[in-house]
Amino acid sequence: GAGAIFRGKVGRPMKGQGGLMVALPEGRSGFLKGAKGLADGQTVLVQVSGVADKGKALPVTERLLFKGRYGIVTPKARGLNIARSIKDEEDRGRLRILAEEAMEGADAGFGMILRSASAGVDDDVLLTELAELRALAEAVMADGSGAPELLVAEPGAHQLAWRDWAFPDPDAVEDRAGCFEDLGVLDTLDTAVSGRWALPGGAWIEVEPTKALVAVDVNTGGDTSPAAALKVNLAAARVLPRALRLRGLGGQIAVDFALAVANAQLYLARPDIRAFTNCDLHRQVFLQDRLESRRRAHGHNKRYRLFYLIA
């Protein structure tokens, strides 16, 4: 799975696809895109970078990342970097000193990134994790010879959640038997799996991933009035980030909002859309503006559904 690190053997190049095959243990294979200077039969260290469809090679990369909750060691990307989200200059200075201490004597090609969660973390806690990450990275990078082998297993669900999602620090951690049912987690999982999320007033959204994009349909239910459509669209914009996160969905997201025609509604909806696109996605394209401009240019009075393509 994603995050696993292998020692593999370079195989045949894939003409026209800009990459080559890598033999992995247990008869598996990976696809390494953009590789240069690698010879057939050469050993190479790679990390799984995504999920492959059944029967297809795993996408892998040579740019290994050793991730912790507070830091990331980058063996092939030198430099010390601190998350931009950490604004306090005094804390940034403290973190830089700690990063320099943690990387003292490391290979010149090694780098380190301090993540957002490192802000305000106790020095000893931070240094302990960074030392463990560096030691693991150095051990793996020194183990580049031999037959294909799994060197670092993919993180489990619990490890991944604690590493990437527990920020800021939770107020409490529940690990007792039955806590999922008591806290409504099982009901939320059922909703996430079904892809249908209820909204106020009997409305709902349907989230359906396809190979090309994630399609989201917003439905008003029995009330199709313009006022109801606006309320439902705003409610959908607030619910959608959670719906996407719980299912681990991203990339291109097409949202067909309910009967949102007027530009006024478009502008009202934008702050809620921005609230999650700014933190989760890279850019946003509002096709409604183009549709409205085209309608006015051609003198058409046809109503267009609001369609966001967020990429």
Side-chain angles (χ1 to χ4, degrees), residues 1-3 65-73 81-99 101-102 112-133 136 153-200 204-205 207 214 216 234-250 253 271-282 310:
L65 298 177
F66 294 84
K67 282 187 176 183
R69 189 177 181 201
Y70 306 120
I72 304 173
V73 173
N81 298 282
I82 301 173
R84 294 180 181 178
S85 59
I86 301 176
K87 304 297 185 182
D88 185 90
E89 290 300 326
E90 183 177 346
D91 199 27
R92 291 183 67 87
R94 178 186 71 92
L95 292 173
R96 177 162 291 277
I97 292 173
L98 293 175
E101 180 180 342
M112 177 174 287
I113 301 170
L114 292 185
R115 309 179 70 185
S116 300
S118 65
V121 172
D122 180 77
D123 291 5
D124 291 338
V125 173
L126 183 56
L127 286 173
T128 297
E129 181 187 91
L130 298 181
E132 292 173 352
L133 292 174
L136 176 60
E154 64 185 281
H158 182 275
Q159 180 185 354
L160 187 64
W162 185 250
R163 187 188 74 187
D164 293 341
W165 298 348
F167 174 73
D169 287 343
D171 296 327
V173 176
E174 293 277 0
D175 58 1
R176 56 184 171 79
C179 63
F180 269 28
E181 184 174 1
D182 295 344
L183 298 174
V185 175
L186 295 180
D187 292 337
T188 302
L189 289 175
D190 288 340
T191 300
V193 171
S194 73
R196 178 170 174 143
W197 294 77
L199 300 176
W204 73 91
I205 62 172
V207 180
V214 178
V216 181
L234 294 177
R238 298 185 186 104
V239 168
L240 186 55
R242 176 175 170 81
L244 295 174
R245 288 194 187 100
L246 286 175
R247 297 191 66 182
L249 300 175
I253 303 168
D272 290 287
I273 294 293
R274 278 202 199 97
F276 78 90
T277 57
N278 284 347
C279 64
D280 290 324
L281 305 167
H282 299 298
I310 305 167

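The first residue of the sequence shown is numbered 1, and numbering continues consecutively from there. Fair warning: this is a prediction, and the values are worked out from it, not measured in the lab. Note: hydrogens, waters and symmetry copies are ignored here, and every other heavy atom, side chains too, is used.
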Just verifying a value: how many Å separate [X] [atom1] and [Y] [atom2], rounded to the nearest 0.5 Å?
{"X": "R196", "Y": "L199", "atom1": "CZ", "atom2": "CG", "value": "10.0 Å"}
{"X": "L189", "Y": "L246", "atom1": "CG", "atom2": "CG", "value": "7.5 Å"}
{"X": "L186", "Y": "D190", "atom1": "CG", "atom2": "CG", "value": "7.0 Å"}
{"X": "L98", "Y": "M112", "atom1": "CG", "atom2": "CE", "value": "10.0 Å"}
{"X": "Y70", "Y": "L114", "atom1": "OH", "atom2": "CG", "value": "12.0 Å"}
{"X": "Q159", "Y": "K67", "atom1": "CD", "atom2": "NZ", "value": "11.5 Å"}

Taking the side chain as every heavy atom from C-beta outward, state whether [X] and [Y] have any atom pair closer than 4.5 Å.
{"X": "R94", "Y": "D123", "result": "yes"}
{"X": "L95", "Y": "L126", "result": "yes"}
{"X": "R245", "Y": "W165", "result": "no"}

Show, in sequence, the C-alpha distance, side-chain angles and deciding distance for H158 and R163, and conclude whether the side chain to side chain contact (heavy atoms under 4.5 Å, CB included) test is met. CA-CA 8 Å; H158 182 275; R163 187 188 74 187; over 6 Å; no
Start with the C-alpha gap between D91 and R96, add the side-chain angles, then the distance that decides, and say whether salt bridge (charged side-chain N to carboxylate O under 4.0 Å, His left out) holds. CA-CA 9 Å; D91 199 27; R96 177 162 291 277; over 6 Å; no
Report the C-alpha separation of V173 and W162 in whole Å, then their side-chain angles, then the decisive distance to 0.1 Å, and conclude whether the side chain to side chain contact (heavy atoms under 4.5 Å, CB included) test is met. CA-CA 10 Å; V173 176; W162 185 250; 4.1 Å; yes
Where is the tightest heavy-atom contact between [X] and [Y], given as atom of each residue plus distance?
{"X": "A117", "Y": "V121", "value": "O-CG2, 3.1 Å"}
{"X": "P155", "Y": "A2", "value": "CD-O, 3.7 Å"}
{"X": "E129", "Y": "R69", "value": "OE2-N, 3.0 Å"}
{"X": "R247", "Y": "G195", "value": "NH1-CA, 3.5 Å"}
{"X": "I86", "Y": "S118", "value": "CD1-OG, 3.7 Å"}

What verdict does the side chain to side chain contact (heavy atoms under 4.5 Å, CB included) test give for L133 and I72, after you've listed the backbone C-alpha separation in whole Å, the side-chain angles of each residue and the deciding distance to 0.1 Å? CA-CA 7 Å; L133 292 174; I72 304 173; over 6 Å; no
Might you work through the salt bridge (charged side-chain N to carboxylate O under 4.0 Å, His left out) test for E174 and R176, ending with a clear yes or no? CA-CA 6 Å; E174 293 277 0; R176 56 184 171 79; 3.0 Å; yes
Is there a donor-acceptor pair under 3.5 Å between the side chain of R115 and the backbone N or O of G68?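 Checking the backbone N and O of G68 against the side chain of R115, a donor-acceptor pair under 3.5 Å is found.
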